[in-house]
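Below is one structure, written out as structure tokens, with a few remarks after it.
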Amino acid sequence: MRLFVSEGAPGNLPVLAAAGRAGHTGLQVCTVGPDERVVPFLSRPRVPALELDGGGFLFSTNAICRTRSPW
């Protein structure tokens with residue numbers, strides 16, 4: 001799984017705290033620019049975004065923090 005964050009994005013802190021608390025084994029944290037589109041089917045940039053192993057995306061801060069995946 002890959003977690004995309006951008007400097008200054010409002011949802012970064014809770015997502016990074018949840019990843020740190022979980023030990024983020026198998027999670028790759030990628031820092032992207034604020035205008036970079038990481039979710040291909042959205043028309044505007046959206047971070048934080050979690051790309052799941054199956055190819056899906058979560059871009060809600062609450063949904064990312066509640067993910068029970070082994071990360």
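Just so we're clear, the structure is a prediction, and the values are computed from it rather than from any experiment.
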Enter the distance from [X]:[atom1] to [Y]:[atom2] here, rounded to the nearest 0.5 Å.
| X | Y | atom1 | atom2 | result |
| --- | --- | --- | --- | --- |
| Phe57 | Arg2 | CZ | CZ | 7.0 Å |
| Arg44 | Arg37 | CZ | CZ | 11.5 Å |
| Asn12 | Ile64 | CG | CD1 | 9.5 Å |
| Thr61 | Arg66 | OG1 | CZ | 12.0 Å |

Residues Ala19 and Leu27: closest non-hydrogen pair is CB-CD2, 3.8 Å

Does Phe41 belong to the same Ile/Leu/Val/Met/Phe/Trp/Tyr cluster as Phe4, with side-chain heavy atoms less than 4.5 Å apart forming each link?
-> yes

What residue among Pro34, Pro48, Cys30 forms side chain to side chain contact (heavy atoms under 4.5 Å, CB included) with Ser6?
-> Pro34

Quick one: does [X]'s side chain get under 4.5 Å of [Y]'s, heavy atoms only?
| X | Y | result |
| --- | --- | --- |
| Leu3 | Leu16 | yes |
| Arg46 | Val38 | no |
| Leu42 | Phe59 | yes |
| Val15 | Leu50 | no |
| Val5 | Val32 | no |

